[in-house]
Every structure is written in structure tokens, then in C-alpha cells.
Amino acid sequence: MSAVSDRLPAFPWDKLTPFKATAAAHPDGIVDLSVGTPVDPVPELIQKALVGAADSPGYPTVWGTPELRDAITGWVERRLGARDVTHRHVLPIVGSKELVAWLPTQLGLGPGDRVAYPRLAYPTYEVGARLARAEYEVYDDPTELDPEGLKLLWLNSPSNPTGKVLSKADLTRIVAWAREHGVLLFSDECYLELGWEADPVSVLHPDVNGGSYDGIVSVHSLSKRSNLAGYRAAFLAGDPAVLSPLLEIRKHGGMMTSAPTQAAVVAALSDDDHVRVQRERYASRRALLREALLSHGFRIEHSEASLYLWATRGESCWDTVAHLAERGILVAPGDFYGSAGAEFVRVALTATDERIAAAVRRL
């Protein structure tokens with residue numbers, strides 16, 4: 001076991017333990033804005049769909065029910081503007097994190113192969129490369145990378161942690177570059193429905209990909225837009241030549257979404273009203289927190305989308321974490337996401353209205 005675990009970095013969240021204890025000691029309790037985990041109820045129509053499928057004694061399929069694939073293809077065309085999407089273009093996954101962590105291994109990457117991801121990024125991109133024993137590197141502009149040996153290019157728009165959104169022009173340029181050099185492109189778009197000051201675009205949009213899905217796959221999750229983090233529900237959409245072998249590998253590995261969860265996803269993707277309601281909750285919390293942070297002396301960069309505010313006081317992120325912990329507020333240090341985040345903290349919008357109000361009062 002140590003041969004695998006020794007490839008991995010120290011789990012960063014353990015470093016927050018003493019600061020969490022400080023914040024929890026506040027007389028009015030902790031306001032935990034460190035992890036972007038949903039706190040609002042799962043919409044009733046989704047709960048009903050889950051309960052309705054509770055009597056599911058048989059094994060589910062990895063590819064999902066035809067109804068699930070219909071729901072995914074319909075959403076991809078309706079919401080992302082994609083065209084001519086068939087069942088061969090989609091694949092359910094067991095939450096997006098397991099896909100990110102195991103994708104390089106499932107693609108057969110190994111020593112000598114290179115994986116690239118944004119300079120400020122979700123730590124699991126690096127973890128996935130490490131698990132496969134592949135090399136990894138960060139970028140500011142992926143088209144400036146050396147394409148030799150580059151087998152997997154990760155995009156993340158809107159970004160976690162910064163909330164930065166890549167423009168349609170940038171996406172078009174990057175997709176063209178990746179195709180020119182034969183680089184497989186995966187675009188993590190899990191926050192796409194949470195644009196505030198920008199309208200995020202998918203790599204599946206025909207204006208970006210020219211009407212072809214060759215060499216591109218997008219990753220989508222229901223954790224944020226539908227409060228389904230506890231359900232582990234996500235999916236891929238894109239190049240069938242990539243998804244077909246992944247489907248076969250995942251069949252052998254038993255990486256299947258539970259039958260009740262599949263039914264819940266069908267309900268979630270077939271309804272836009274609950275997404276609008278949840279967006280309004282987050283928009284309200286974002287406005288309150290943003291103003292409070294600015295008034296407290298913070299500067300906020302990017303943050304035009306996603307569930308986070310990327311904030312700085314021009315000091316070590318750990319000094320900022322300590323400063324806020326003394327006020328009972330726990331945030332994530334920016335260096336969790338790369339050395340370029342050393343003076344920033346990531347402030348999540350995922351707390352109840354009451355806890356957000358408490359944070360605003362303290363700030």
C-alpha cells in the first residue's frame with residue numbers, strides 16, 4: 001500500500017485543524033467557509049426520484065439507463081448549445097473527483113507522459129498524474145507548453161479556486177492548438193452554471209469546437225448546481241473515441257453510479273427551476289460576503305463565477321487564515337491550490353444564510 005500512498009502529497013486540509021479549533025471556539029460558533037460543500041436542501045423533486053427508485057435490487061449499468069443518457073444529452077444540447085449529441089457522446093461517472101484522480105491511469109499514462117493543468121488549480125489534477133506515475137506541470141497559457149509528450153491537458157473554467165472564466169475566443173484558440181498537436185483536452189466545467197459577472201462557455205459549444213468533438217471532453221457535476229454532493233453524480237460529454245474505451249475500463253472496474261442516483265440525476269437535469277432558486281441563494285450570499293470582505297480591507301480578484309471569492313490582504317495566506325479564525329471564520333489558504341496562491345484565501349459561499357450573516361457581522 002505504501003508504494004501507492006507514497007506517490008501522493010500530504011493531504012493539505014489536515015493543516016487547517018488548529019485554525020478550525022480556533023474558529024470553533026468563537027462564542028457565536030464557527031462559520032466554515034473553507035470547503036465548497038453544499039448546505040441547502042436537496043430539491044424535493046430529486047429526493048422523490050431517489051425514493052421512487054429505492055427498490056433497485058439489481059446491479060446498475062456503468063453507462064446508465066437510456067433515460068439517464070437521454071437526460072444528459074438533452075441537457076448538454078439545451079444548456080451548453082452543443083449539437084448532434086448522442087448516447088455515444090456521454091458517460092456517467094461517480095462524482096467528478098474520482099474521474100479527475102483516476103483519468104491518467106485509465107488513459108494508460110505513465111512515466112514519460114506529461115499532464116498539464118492551470119497554475120492555480122484543484123489539487124486532484126496533480127494527484128491523478130502522481131497515481132499514474134506521469135509527469136505533471138502547470139501553465140499560465142497552455143498554448144505556450146511544449147506539446148512533446150503532453151498527453152493530457154486540463155482546462156478549468158470557471159476556475160476553482162479563482163472563479164476565473166476563459167473567454168470563448170481563448171477556448172477556441174486552445175482547442176485548435178490541442179488538436180494541432182494531438183493533445184487530449186479535458187475541460188472541467190463543474191461550475192459552469194454559476195456565472196456572476198461572466199457567462200461561462202463550454203468547449204462543447206460549436207463556436208469553440210467548430211462542430212466537432214474530436215479530442216475534447218467536458219466534465220460536469222451535479223454537486224453544486226443541484227446540491228447533490230452527497231449523491232456522487234457527474235458525467236462526461238465529448239469525443240466518443242475517448243469515452244468508449246473509458247466505458248469499457250469502468251465496466252471492468254465496477255465504477256457504476258447507483259440506480260437510485262441515476263434516477264435522481266434524470267430528475268435534476270430535467271428541471272431548471274431548482275437551479276435558478278439555488279443560484280439566487282448563492283448570488284445573495286456572494287453580494288453580502290464580497291462587500292464585507294472589501295470593507296474589511298481585502299482585495300478580490302477574478303471571482304466572476306463559481307462558488308468562491310478569491311481574496312487577499314497582501315500578506316501570507318496563513319496569516320489571513322489565522323486573522324479570520326480569530327473571528328470564528330474558517331477559509332482555505334490559497335497555497336493549497338499552488339504556490340501562486342500564497343497571498344490569497346478562498347472564501348466559499350456554501351454556508352447557510354444565518355452563518356453568512358454572522359460572518360458579515362464579524363467582518
Side-chain angles (χ1 to χ4, degrees), residues 9-26 28-39 117-126 138 140 156-165 188 190-191 194 196-198 224 282-352 355-363:
F11 190 63
W13 294 94
D14 293 341
K15 298 179 184 177
L16 268 185
T17 300
F19 299 95
K20 186 172 185 177
T22 298
H26 190 280
D28 186 38
I30 188 173
V31 180
D32 192 343
L33 307 178
S34 64
V35 183
T37 184
V39 297
Y117 49 85
R119 187 171 301 281
L120 282 165
Y122 185 45
T124 312
Y125 303 131
E126 176 186 334
V138 299
D140 294 308
N156 180 207
S157 176
S159 163
N160 173 16
T162 69
K164 181 179 179 179
V165 174
D188 182 345
C190 289
Y191 295 90
L194 295 166
W196 312 115
E197 297 161 4
K224 316 300 184 184
Y282 285 136
S284 175
R285 293 165 186 168
R286 178 181 181 272
L288 291 170
L289 267 180
R290 186 177 185 278
E291 180 58 34
L293 288 166
L294 291 172
S295 298
H296 197 74
F298 281 87
R299 184 178 81 253
I300 295 173
E301 291 192 0
H302 303 302
S303 307
E304 58 258 34
S306 83
L307 285 181
Y308 312 105
L309 293 169
W310 187 239
T312 181
R313 300 204 314 162
E315 63 185 6
S316 162
C317 60
W318 288 99
D319 289 342
T320 306
V321 169
H323 172 80
L324 292 174
E326 291 169 359
R327 288 152 181 79
I329 302 169
L330 189 68
V331 297
D335 65 6
F336 278 9
Y337 307 94
S339 59
E343 292 189 353
F344 285 80
V345 293
R346 193 194 73 170
V347 184
L349 309 179
T350 50
T352 64
R355 287 289 84 189
I356 294 291
V360 168
R361 287 195 301 272
R362 297 174 196 180
L363 292 169

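Below, each value reflects all heavy atoms present in this structure, side chains not excepted, and no hydrogens, waters or symmetry copies.
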* Kindly determine whether Val31 and His26 satisfy side-chain contact (heavy atoms from CB on, under 4.5 Å), including the steps that lead there. => CA-CA 9 Å; Val31 180; His26 190 280; over 6 Å; no
* Asked: Do Tyr308 and Thr350 pass the side-chain contact (heavy atoms from CB on, under 4.5 Å) test, and can you show the C-alpha distance, the side-chain angles, and the key distance before you say yes or no?
  -> CA-CA 8 Å; Tyr308 312 105; Thr350 50; 5.7 Å; no
* Could you go step by step and tell me if Phe19 and Trp318 meet the ring pair (Phe, Tyr, Trp, His ring centres under 6.0 Å) rule? -> CA-CA 10 Å; Phe19 299 95; Trp318 288 99; 5.4 Å; yes
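With rounding to the nearest 0.5 Å, the separation of CZ in Arg327 from OG1 in Thr22 is 12.5 Å. With rounding to the nearest 0.5 Å, the separation of CG in Leu120 from CG in Asp140 is 8.5 Å. Distance check, rounded to the nearest 0.5 Å: CG of Asn160 to CG of Leu307 gives 9.0 Å. Between the CD atom of Glu291 and the CD1 atom of Ile300 there is a distance of 9.0 Å, given to the nearest 0.5 Å. Distance CZ/Phe336 to NZ/Lys15: 6.5 Å, rounded to 0.5 Å. Rounding to the nearest 0.5 Å gives a distance of 6.5 Å between CG of Leu349 and CG of Leu289.
When side chains are defined from C-beta on, Tyr117 does not count as touching Pro123, because their heavy atoms never get closer than 4.5 Å. Looking at heavy atoms from C-beta onward, Leu363 lies in side-chain contact with Ile329 at the 4.5 angstrom threshold. The closest side-chain heavy-atom distance from Leu16 to Ser34 is below 4.5 Å. Residues Thr320 and Glu315 have side chains in contact (heavy-atom distance under 4.5 Å, counting atoms from C-beta outward).
Looking at every heavy atom in both residues, Trp310 comes nearest to Ser303 through N-OG, 2.9 Å. Between His302 and Thr162 the shortest heavy-atom distance is CB-O, 3.3 Å. Annotation for Tyr337 and Ala332: closest pair OH-CB, 3.8 Å, computed over non-hydrogen atoms. Nearest heavy atoms, Leu33 versus Ala351: CD2-CB, 3.6 Å. Minimum interatomic distance between Cys317 and Pro333 (heavy atoms only, all atoms of both residues): SG-CB, 3.7 Å. The heavy-atom pair separating Phe298 from Ala311 by the smallest distance is CD2-CB, 3.7 Å.
By the salt bridge (Lys or Arg N to Asp or Glu O under 4.0 Å) test, Arg346 is found to be paired with no residue, residues two or more places apart in sequence or in another chain being considered. In this structure, Thr17 has no side chain to side chain donor-acceptor pair (under 3.5 Å) partners at least two apart in sequence or on a different chain.
Judged purely by atom type and a 3.5 angstrom limit, Arg362 uses its side chain to pair as donor or acceptor with the backbone of Gly328. The backbone N or O of Leu293 lies less than 3.5 Å from no partner atom in the side chain of Ser295, so there is not a single donor-acceptor pair. Here the side chain of Ser306 pairs no donor or acceptor atom with the backbone of Pro158 at under 3.5 angstrom.
Relative orientation of the Tyr125 and Tyr122 rings is perpendicular, given thresholds of 30° and 60° on the angle between their planes.
If you run side-chain contact (heavy atoms from CB on, under 4.5 Å) between Arg313 and each of His323, Arg299, Glu343, only His323 comes through.
Under 4.0 Å is where a charged nitrogen must lie from a carboxylate oxygen, and between Glu197 and Arg286 at least one such pair does. A salt bridge links Arg355 with Asp28: at least one charged nitrogen is closer than 4.0 Å to a carboxylate oxygen.
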